[in-house]
Amino acid sequence: MDKSWMHSDRRSKAYEFGVETFLNFAVENLLTTTHISCPCVKCVNLKLFGVGIIRDHVYFNGIDQSYKNWTFHGEPWEATTNASRNVEEDDGHSRYSFVSEEIDMDDNDFGDFGSDPYEFANVIGDGDQPVYPGCRKYTKLSALVKLYNLKAKHGMSDVCFTELLILQGDLLPEGNTIPTSMYEAKKTLCALGLSYEKMHACPNDCILYRKEYEDSTNCPTCGISRWKEGKDSILKEGVPAKVVWYFPPIPRFKRMFQSHETTKSLTWHTARKSIDGQMSHPADSPSWKLLDDKWPEFGNEPRNLRLALSSDGFNPHSSLSSRYSCWPVILVTYNLPPWLCMKRKFMMLTLLISGPKQPENDIEVYLEPLIDDLKSLWVGIRGVYDAHNGEYFTLRAALMWTINDFPAYGNLSGCVVKGYKACPICGDDTPSHRLKNGHKICYIGHRKWLPINHSYRRQRAAFNGKPEYGIPPEPLTGEEVLHMVENGDRVCWKKKSIFFDLEYWKYLPVRHALDVMHIEKNVCDSIIGTLLEIPRKNKDGIAARLDLLNMGVKTDLQPK
């Protein structure tokens with residue numbers, strides 16, 4: 001195939017014809033138009049886009065002229081390498097254990113370098129090649145991983161890292177293999193399989209530009225442009241206004257089972273038994289038991305995964321005055337024992353939603369690709385290799401619940417979390433009262449959850465001046481909630497949660513869990529701030545005293 005067009009002027013007809021020939025070749029071989037590696041000089045086959053975006057990138061950025069063998073796009077690999085040889089192991093540890101030591105990865109992360117043998121051959125070669133002739137301590141790959149770890153740890157910019165590589169190359173003897181730029185370092189490290197999908201999003205959180213909107217340039221909902229607007233109010237075509245990074249969990253689940261020790265840990269829960277009858281692990285929870293009983297074909301396979309999802313916003317900048325909010329979405333695997341499931345290397349980052357503002361109720365737009373993968377995992381992923389038992393099996397997984405603070409719980413569940421009907425259990429019967437002077441709503445019916453003969457139920461002056469004889473309401477089941485939101489009864493519900501797209505979600509007894517750490521911290525801060533009279537933390541002010549007067553309680557605390 002003629003590839004001379006790659007060196008032609010991008011304004012020429014030869015280049016235009018060559019680009020179309022390349023795209024047609026990629027679509028015919030990969031049988032997809034939405035997930036194709038972009039060969040431009042900026043993406044260097046690290047990112048997946050649709051045909052329209054790749055065409056724009058190749059014209060605006062130019063094609064990587066060193067990409068001579070189109071192995072990422074279906075061209076047969078012709079190079080002769082030693083990729084087929086076995087990777088030796090020493091004392092049960094991989095020859096690439098230095099990578100896991102440096103960036104806190106598990107051995108299973110090296111179980112699959114992708115379907116391209118050229119990538120794997122390059123990694124094998126870099127793992128054997130000394131960083132300079134005669135060096136026995138470091139190879140090209142180990143030295144690069146250590147340097148890249150320093151970049152991540154100390155927040156080096158790409159320009160700073162490039163200059164560091166150049167200096168390192170000058171300090172080492174001649175013939176060293178240190179890359180001379182960040183670009184070359186990325187090409188080496190990308191073969192480790194740390195892939196992701198970079199998706200464009202509407203700045204107003206209306207849609208993701210995927211599936212039927214892959215080639216759209218304007219949001220079909222609000223009409224705003226897909227591209228970023230410069231300071232001169234001119235659109236920068238090819239530069240997205242908002243981006244979300246998606247890290248597919250299915251390849252990582254496959255790699256977990258390619259590690260002998262990790263696979264053994266993933267079935268730890270089958271041999272475990274609750275001795276005292278208390279719930280000490282999610283395996284003792286009603287949700288876990290419901291999955292086993294309602295879908296026995298799922299529960300009978302101990303390797304099927306039980307997951308939890310957590311998300312919250314944080315400010316990635318050091319300046320506290322910045323209101324930039326970035327939202328990570330993390331999956332936790334409960335099959336692992338307690339001393340492993342909360343380790344950093346087993347907590348999977350699946351989504352990273354960029355700011356500057358938080359998505360709030362529109363977070364469902366960004367969860368769409370993850371929900372699609374969770375649906376596939378519920379149906380089953382065939383051909384997953386179990387290194388512990390030496391066999392292939394069909395992997396399934398179920399999301400048991402989400403873990404969030406109270407505001408994020410409202411965004412994910414669709415429940416109202418502020419106002420007069422803010423209690424997700426009481427719903428329409430939420431006992432709320434607006435404070436005239438404090439201009440806030442307080443909820444004073446919490447005593448109904450105490451035992452029926454508790455002394456606090458009869459006390460009047462210590463609370464709201466009334467005794468409490470009510471009984472706690474029963475929480476709504478998932479089926480009841482789904483019926484309410486689908487039939488327009490949305491007094492306490494803002495929307496239908498995207499998690500109801502999962503077949504099993506409406507049957508789970510507990511679908512959302514609150515992060516106790518947030519609640520305890522906020523309550524503790526309020527109590528300590530009031531007791532110690534800390535400025536701006538003290539809840540005991542003139543407005544609070546006047547509200548007590550209006551309610552007719554705590555007469556000894558009324559202001560004079």
Side-chain angles (χ1 to χ4, degrees), residues 23 26-27 29-58 61 64 67 71-74 109 112-116 119 186-187 189-203 205-217 219 226-228 238-256 307 309 311 326-331 347-355 359 362-377 381 397 399 498 501:
L23 292 175
V27 171
N29 286 276
L30 302 179
L31 301 178
T32 179
T33 59
T34 58
H35 291 76
I36 300 176
S37 298
C38 180
C40 76
V41 296
K42 289 188 176 180
C43 298
V44 290
N45 291 308
L46 295 178
K47 302 172 185 177
L48 303 177
F49 295 113
V51 171
I53 296 179
I54 293 177
R55 182 184 289 110
D56 293 342
H57 280 207
V58 172
N61 305 327
D64 179 11
Y67 183 44
T71 52
F72 288 96
H73 301 86
D109 290 319
D112 179 17
F113 287 89
S115 58
D116 182 30
E119 287 183 323
K186 277 186 176 181
K187 291 184 68 174
L189 292 175
C190 73
L192 292 176
L194 307 176
S195 60
Y196 63 92
E197 298 178 27
K198 187 177 180 182
M199 301 179 183
H200 297 178
C202 171
D205 307 322
C206 300
I207 62 162
L208 288 179
Y209 289 97
R210 59 192 291 265
K211 294 184 177 180
E212 66 269 25
Y213 305 122
E214 178 72 30
D215 297 322
S216 301
T217 56
C219 175
R226 174 179 186 166
W227 310 119
K228 187 176 182 180
V239 181
K242 189 168 184 178
V243 173
V244 58
W245 290 267
Y246 179 56
F247 306 86
I250 294 178
R252 287 185 279 176
F253 286 144
K254 289 181 177 180
R255 292 179 187 180
M256 288 174 68
L307 309 172
L309 181 146
S311 180
C326 185
W327 283 65
V329 179
I330 297 172
L331 283 181
M347 298 176 71
M348 292 188 180
L349 176 66
T350 57
L351 276 168
L352 190 60
I353 305 169
S354 62
D362 295 321
I363 192 173
E364 294 185 345
V365 172
Y366 302 101
L367 291 174
E368 288 177 0
L370 178 58
I371 295 297
D372 289 343
D373 276 350
L374 288 174
K375 289 179 182 178
S376 300
L377 284 165
I381 305 298
L399 180 67
I498 193 175
D501 292 347

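Positions are given from 1, in the same order as the sequence printed here. Side chains are part of it too, since the values below use all heavy atoms of this structure and drop only hydrogens, waters and symmetry mates.
Within the 4.5 Å cutoff, the side chain of S354 has heavy atoms near those of the W245 side chain. In this structure, F247 and R252 have side chains that are in contact, with non-hydrogen atoms separated by less than 4.5 Å. Between P240 and Y209, the closest side-chain pair of non-hydrogen atoms is not below 4.5 Å. Between L377 and F253 there is a side-chain heavy-atom pair separated by less than 4.5 Å. For the pair L208 and Y246, the minimum side-chain heavy-atom distance is 4.5 Å or more. Considering only heavy atoms from C-beta on, V365 stays 4.5 Å or farther from I498 through its side chain.
Here L352 contributes atom CG and I330 contributes atom CD1; the two are 9.5 Å apart, rounded to the nearest 0.5 Å.
The two atoms that bring G238 and H57 nearest to each other are O-NE2, 4.2 Å, heavy atoms only. Nearest heavy atom pair, residue I53 against residue D215, reads N-OD1, 4.4 Å.
Of the charged side-chain nitrogens involved, none lies within less than 4.0 Å of a carboxylate oxygen, so that E197 and R210 do not count as a salt-bridged pair.
Side-chain N or O atoms of H73 include one that pairs as donor or acceptor with a backbone N or O of S37 at under 3.5 Å.
Residues satisfying the ring-ring contact (aromatic ring centres under 6.0 Å, His included) criterion with W327, sequence neighbours excluded, are absent altogether.
The environment of K211 atom NZ is sparse: at most 12 non-hydrogen atoms of other residues, nucleotides or ligands sit within 6.0 angstrom.
The aromatic rings of Y67 and F72 sit tilted relative to each other, their planes meeting at an angle between 30° and 60°.
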